[in-house]
Student: 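Structure in structure tokens, see below.
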Amino acid sequence: ALKMDSWNQVNVKAVKNHGIIQNILGQGEDKNTPYAKYNEQLNEILSIPQGELIKVNHVCALLLYTDFTELPRMMKSVCRKLNNDDTIVEVKARHQELTNWLRLLMETILLYGNTYSYKDPPVYHGLNMKFYFREFKAKFYIPTSTTTDRNIAMNFAEGSKGVVLEFGGLETIGDSYFDMSSLSAYPEEKEYLFFFAEIPIKSILVGGKKFNLAPLSLYQSIVHGQIMIDKVQ
């Protein structure tokens with residue numbers, strides 16, 4: 001749980017940043033926008049019209065995620081099944097406690113963030129243990145952090161104990177993400193936050209060795225009839 005002192009600090013920082021948000025988002029190397037983008041469906045569904053200034057609640061939701069370590073980790077565990085006997089009813093009961101936070105994160109990423117495509121440099125995600133992957137694409141149905149710095153991801157992977165996933169927009173039309181660097185207490189992590197995104201795994205790094213998965217990811221897209229973009233202009 002978040003202590004009241006920590007909450008007060010986040011709230012003060014959110015209000016302060018929101019007061020100058022036009023000078024933060026979309027400025028310099030920041031890849032976001034302080035004003036809601038046009039989306040034919042989402043503007044109406046989320047009740048956020050095109051051009052509306054990002055709200056302080058959105059900024060607060062971002063800070064609660066990026067400025068803490070255990071809090072987002074606990075949030076993600078709540079969104080998943082805790083064990084094989086967990087029922088969907090039990091998952092929903094836990095999930096409803098985080099509905100507002102997750103909604104604010106989703107709104108921020110989809111309407112105030114950027115889109116990731118094959119033109120962008122790769123991003124990395126470190127895992128401190130080895131997993132079995134069923135597909136060559138990562139589906140981020142919960143908020144997931146990545147970084148543009150491979151060394152940062154390797155630190156999270158804790159060396160040979162885990163793995164580092166390298167993602168690349170090999171044939172994607174663009175998935176939404178939010179560049180957290182301008183607001184985060186840890187800008188050196190160069191964090192990109194994804195939510196409801198599907199990005200191909202370009203390669204996997206295990207024990208200092210790099211395995212190229214791009215051809216397999218492309219093959220999976222072909223046989224599944226997924227959208228692809230021709231890089232040749």
Side-chain angles (χ1 to χ4, degrees), residues 6 9-10 13-14 17 24-32 59 61-77 79-80 101 105-106 108-109 112-133 136-170 172 174-214 217:
S6 297
Q9 291 174 7
V10 169
K13 182 179 177 180
N17 283 338
I24 299 176
L25 301 186
Q27 302 300 310
E29 297 182 357
D30 185 90
K31 295 178 172 59
N32 308 301
V59 178
L62 291 172
L63 295 179
L64 286 171
Y65 185 93
T66 191
D67 283 4
F68 295 88
T69 301
E70 289 302 320
L71 190 62
R73 185 175 297 162
M74 292 173 61
M75 176 258 280
K76 294 174 187 179
S77 66
C79 293
R80 303 188 185 103
W101 187 15
L105 286 175
M106 184 180 69
T108 307
I109 293 169
Y112 298 98
N114 207 326
T115 52
Y116 188 75
S117 72
Y118 67 86
K119 297 180 181 179
D120 293 304
V123 293
Y124 304 90
H125 180 69
L127 299 167
N128 62 0
M129 62 180 65
K130 298 179 176 68
F131 291 89
Y132 171 75
F133 298 96
F136 298 105
K137 287 193 176 182
K139 298 179 180 180
F140 300 137
Y141 293 141
I142 58 177
T144 304
S145 297
T146 65
T147 174
T148 58
D149 189 333
R150 187 171 71 175
N151 292 326
I152 297 294
M154 292 177 69
N155 289 336
F156 281 101
E158 299 180 11
S160 60
K161 177 182 177 181
V163 298
V164 172
L165 303 179
E166 177 183 355
F167 301 115
L170 302 174
T172 177
D175 290 288
S176 296
Y177 72 91
F178 198 91
D179 179 0
M180 305 288 271
S181 300
S182 296
L183 294 173
S184 175
Y186 309 100
E188 68 279 1
E189 292 185 352
K190 302 176 182 178
E191 181 181 9
Y192 282 11
L193 181 62
F194 288 89
F195 195 0
F196 281 103
E198 185 174 316
I199 307 176
I201 301 175
K202 190 175 181 179
S203 66
I204 184 169
L205 291 83
V206 184
K209 297 181 179 180
K210 183 176 181 179
F211 300 90
N212 183 15
L213 300 184
S217 180

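Residues: numbered from 1 along the sequence shown. Both backbone and side-chain heavy atoms feed into the values below; hydrogens, waters and symmetry mates do not.
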Student: Could you tell me the separation between the OH atom of Y112 and the OG atom of S176, rounded to the nearest 0.5 Å?
Tutor: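 It comes to 13.5 Å.
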Student: Taking it one step at a time, do D179 and Y192 satisfy side-chain contact (heavy atoms from CB on, under 4.5 Å)?
Tutor: CA-CA 5 Å; D179 179 0; Y192 282 11; 3.9 Å; yes
Student: In chain order, what residues pass the side chain to side chain donor-acceptor pair (under 3.5 Å) check against E188, with sequence neighbours excluded?
Tutor: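 Per chain and number, E188 pairs via side chain to side chain donor-acceptor pair (under 3.5 Å) with no residue.
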Student: Please name the pair of heavy atoms, one in T66 and one in E191, separated by the smallest distance, quoted to 0.1 Å.
Tutor: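 Heavy atoms only, the tightest pair is OG1-OE1, 2.9 Å.
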Student: M75 and L105: which non-hydrogen atoms are nearest, and at how many Å?
Tutor: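 What the structure gives for the nearest pair is CE-CD1, 4.1 Å.
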Student: Are the side chain of T144 and the backbone of I142 linked by a donor-acceptor contact shorter than 3.5 Å?
Tutor: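 Pair found, side chain donor or acceptor close to backbone of I142.
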Student: Measuring from atom CD1 of I204 to atom NZ of K209, what distance do you get when rounded to the nearest 0.5 angstrom?
Tutor: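 Spacing of CD1 (I204) from NZ (K209) equals 13.5 Å.
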Student: For the backbone of S181 and the side chain of Y186, can you confirm whether one donor and one acceptor N or O come within less than 3.5 Å of each other?
Tutor: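 No; zero donor-acceptor contacts below 3.5 Å.
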Student: With sequence neighbours left out, what residues match S182 under side chain to side chain donor-acceptor pair (under 3.5 Å)?
Tutor: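 So S182 forms a side chain to side chain donor-acceptor pair (under 3.5 Å) with D30.
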Student: Can you see which heavy atom on A157 is nearest to which on V163, and at what distance?
Tutor: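 The answer is CB-O, 3.5 Å.
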Student: Find the distance between OG (S145) and CD (E189) and round it off to the nearest 0.5 Å.
Tutor: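 Going from OG on S145 over to CD on E189, the span is 8.0 Å.
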Student: At their closest point, which heavy atom of Y124 faces which heavy atom of A153, and how far apart are they?
Tutor: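 Taking Y124 first and A153 second, the nearest heavy atoms are CB-CB, 3.5 Å.
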Student: D149: what forms a side chain to side chain donor-acceptor pair (under 3.5 Å) with it, not counting sequence neighbours?
Tutor: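 Checked D149 against side chain to side chain donor-acceptor pair (under 3.5 Å); zero matches.
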Student: For the CZ atom of F167 and the CD atom of E198, what is their distance to the nearest 0.5 Å?
Tutor: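 With rounding to 0.5 Å, CZ (F167) is 11.5 Å from CD (E198).
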Student: Dump the intermediate steps for side-chain contact (heavy atoms from CB on, under 4.5 Å) on I109 and F194, then the final yes or no.
Tutor: CA-CA 7 Å; I109 293 169; F194 288 89; over 6 Å; no
Student: With sequence neighbours left out, write down each residue that passes side-chain contact (heavy atoms from CB on, under 4.5 Å) with M154, or none if nothing qualifies.
Tutor: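 Testing M154 for side-chain contact (heavy atoms from CB on, under 4.5 Å), a comparison that skips the adjacent residues, returns R150, N151, V164.
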Student: Among all residues two or more places apart in sequence or in another chain, which pass the side-chain contact (heavy atoms from CB on, under 4.5 Å) test with K13?
Tutor: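 Once residues adjacent in sequence are excluded, the partners of K13 under the side-chain contact (heavy atoms from CB on, under 4.5 Å) criterion are N17, L63, D67, A185.
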Student: Please evaluate residues F178 and L25 with respect to the criterion side-chain contact (heavy atoms from CB on, under 4.5 Å), reporting the C-alpha separation (whole Å), side-chain torsions for both, the decisive distance (0.1 Å), and the verdict.
Tutor: CA-CA 10 Å; F178 198 91; L25 301 186; 4.0 Å; yes
Student: Who pairs with N114 by side-chain contact (heavy atoms from CB on, under 4.5 Å), at least two apart in sequence or on another chain?
Tutor: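 Expected list: K31, Y177.
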Student: How would you list, by chain and number, every residue that makes a side-chain contact (heavy atoms from CB on, under 4.5 Å) with F68, sequence neighbours excluded?
Tutor: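 For F68 the side-chain contact (heavy atoms from CB on, under 4.5 Å) partners, ignoring immediate neighbours, are L2, S6, V10, L64, L71, P72.
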Student: Heavy atoms only: give me the nearest T146-H125 pair and the separation to one decimal.
Tutor: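 Scanning both residues completely, I find the closest heavy atoms to be CG2-CB, 4.4 Å.
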Student: Side chain to side chain donor-acceptor pair (under 3.5 Å) with E166: which residues, sequence neighbours excluded?
Tutor: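 If we apply the side chain to side chain donor-acceptor pair (under 3.5 Å) test to E166, skipping adjacent residues, the hits are S203, K210.
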Student: Hey, mind stepping through V206 and F211 against side-chain contact (heavy atoms from CB on, under 4.5 Å) and telling me if it holds?
Tutor: CA-CA 8 Å; V206 184; F211 300 90; 4.3 Å; yes
Student: Checking E70 now: which residues fulfil salt bridge (Lys or Arg N to Asp or Glu O under 4.0 Å) with it, not counting sequence neighbours?
Tutor: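 With neighbours one apart ignored, the set is R73.
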Student: So which heavy atom on D120 is nearest to which on T115, and how close?
Tutor: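 In this case the closest contact between D120 and T115 is OD2-O, 3.5 Å.
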